[in-house]
Amino acid sequence: MARLGFALLLLFSSLPLLAVSKSTIEPCSGSDTCNALLGYTLYTDLKVSEVAALFQADPIAILTANSIDISIPDVENHILPSGLFLKIPTLCSCSDGIRKSISTRYKTRPADTLASIANSIYGGLVSADQIKDANSISDPVVIDVGQNLVIPLPCTCFNSTDNFLPAVYLSYVVQADDTVPAIAARYFTTVTDIMNVNAMGSPSVRAGDILAIPLPACASSFPRYASDNGLIVANGSYAISASHCVQCSCGPGNLNLYCTPASLAVSCSSMQCRNSNLMLGNVTSQQTSAGCNVTSCTYGGFVNGTILTVLSTALQPRCPGI
Ligand SMILES: *[C@@H]1O[C@H](CO)[C@@H](O)[C@H](O)[C@H]1NC(C)=O
Ligand SMILES: *[C@@H]1O[C@H](CO)[C@@H](O)[C@H](O)[C@H]1NC(C)=O
Ligand SMILES: *[C@@H]1O[C@H](CO)[C@@H](O)[C@H](O)[C@H]1NC(C)=O
Ligand SMILES: *[C@@H]1O[C@H](CO)[C@@H](O)[C@H](O)[C@H]1NC(C)=O
Ligand SMILES: *[C@@H]1O[C@H](CO)[C@@H](O)[C@H](O)[C@H]1NC(C)=O
């Protein structure tokens, strides 16, 4: 309820530009960034690297967020088919008191119009008017080829929680055949949740509306000074961290973040837990008279180019698999 109030207050108090398309406005303060996802449907066949360039995202991070195999050779030149739906990981920043994706840039090509850039190339995540305003374009009919346009994209984080559980928010462009119950079912959330998050009075949507969809996720608890502090991974996907050295997966069985050495790792700092022969992700168990002694080596974040590892032991009533 609190965020609904905030959103309405903001809508009524200022910034007529933001009322153009229905999208969620999240107030924020300071200059913190958080992890969010943009829902994007490919308008044509594109290489992984081309999609990454459109959003200034890490190509490997795009693939892992969508559980696409990254072990195939020359994966960045792999062609993704037109119509494919992708979740693009983005850093959501706080600017002028509102959450916004770190603005991406687009270099115009012959035959581009503001409408084609907005609706096709960026899949409706931005409107032609928003591009016009963000770039102070006075005559939208004439756009020079090779112009570097700022493309503002919507994102929200809401403290990376939903109903007090870890969640990562997907900015989703409603398609022609979508209904809110179908969207809720597809993303393992509820109609009530989607309505609350988006401050909707009724569960009706139109094609082109942008919804914030909370996806159940696994949270991390890396220290503040870790460069991947706040890492959050949606259920059923994985993320790559620590300069491509560590991969962290989430679900489907439980929502505990599970990190292991990444298969594509090039040269990485040690991933072995100190005072043990365990590697990141290893778990061993030992039956003792008091119960089962479970020892695990887990990932603790990326600090100054070093992979932090945490060795912990817990006594459980029974050993797994016994
Ligand atoms: C955000 O979540 C953290 C714990 O994950 C909590 O300590 C903090 O109070 C929350 N902040 C807000 C503004 O809800
Ligand atoms: C996570 O995803 C799996 C399917 O991949 C699903 O069965 C499970 O219910 C999801 N968990 C949550 C908490 O949504
Ligand atoms: C420990 O982790 C490494 C790297 O993921 C893996 O290759 C190895 O099989 C694991 N060993 C045990 C005992 O689980
Ligand atoms: C559990 O295992 C750890 C590491 O092997 C060891 O240091 C600890 O003493 C063990 N605890 C018990 C109760 O056996
Ligand atoms: C990272 O390295 C710099 C320079 O070596 C040092 O000043 C800083 O304290 C380090 N930060 C952490 C968190 O270790």
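As the structure lists them, so they are numbered: ligands from 1, and atoms in each ligand from 1. In this chain, residues are counted from 1 in sequence order.
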Subject >> Interatomic distance, Asp32 atom CG to Cys94 atom SG [nearest 0.5 angstrom] >> reply: 6.0 Å
Nearest protein heavy atom with distance in Å, relative to [atom]:
atom	answer
atom 11 (N) of ligand 2	Asn235 ND2, 2.8 Å
atom 12 (C) of ligand 3	Asn282 ND2, 3.3 Å
atom 5 (O) of ligand 3	Pro261 CD, 3.7 Å

Subject >> Contacts of type salt bridge (Lys or Arg N to Asp or Glu O under 4.0 Å), residue Asp112, not counting sequence neighbours >> reply: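 Result, salt bridge (Lys or Arg N to Asp or Glu O under 4.0 Å) vs Asp112: none returned.
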**OP:** Check whether the side chains of Tyr299 and Asp228 place a donor and an acceptor atom closer than 3.5 Å, and report yes or no.
**Re:**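 Side chains of Tyr299 and Asp228: pair found under 3.5 Å.
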Subject >> Proximal ligand 2 atoms for Leu255, defined as those under 4.0 Å from one of its heavy atoms >> reply: 13 (C)
Subject >> Ligand-side contact atoms (ligand 2) for residue partner Pro252, heavy atom cut-off under 4.0 Å >> reply: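 Taking each heavy atom of Pro252 in turn, ligand 2 has 3 (C), 5 (O) under 4.0 Å.
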Subject >> Any donor-acceptor N/O pair, Ser270 side chain to Gln272 backbone, under 3.5 Å >> reply: yes
Original post:
Would you find a donor on one side and an acceptor on the other, under 3.5 Å apart, between the side chain of Thr295 and the backbone of Leu311?
Top reply: no
Subject >> Nearest heavy atoms of Cys248 and Leu231, plus distance in Å >> reply: SG-CD2, 4.2 Å
**OP:** Closest by any non-hydrogen atom to atom 14 (O) of ligand 2: pick that one out of Gly253, Pro216, Ser237.
**Re:**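 Selected option, by shortest heavy-atom distance: Pro216.
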Original post:
Hey, is atom 3 (C) of ligand 3 under 4.0 Å from any protein heavy atom?
Top reply: yes
Original post:
Under 4.0 Å from any heavy atom of Met279, which atoms of ligand 3 are there?
Top reply: 2 (O)
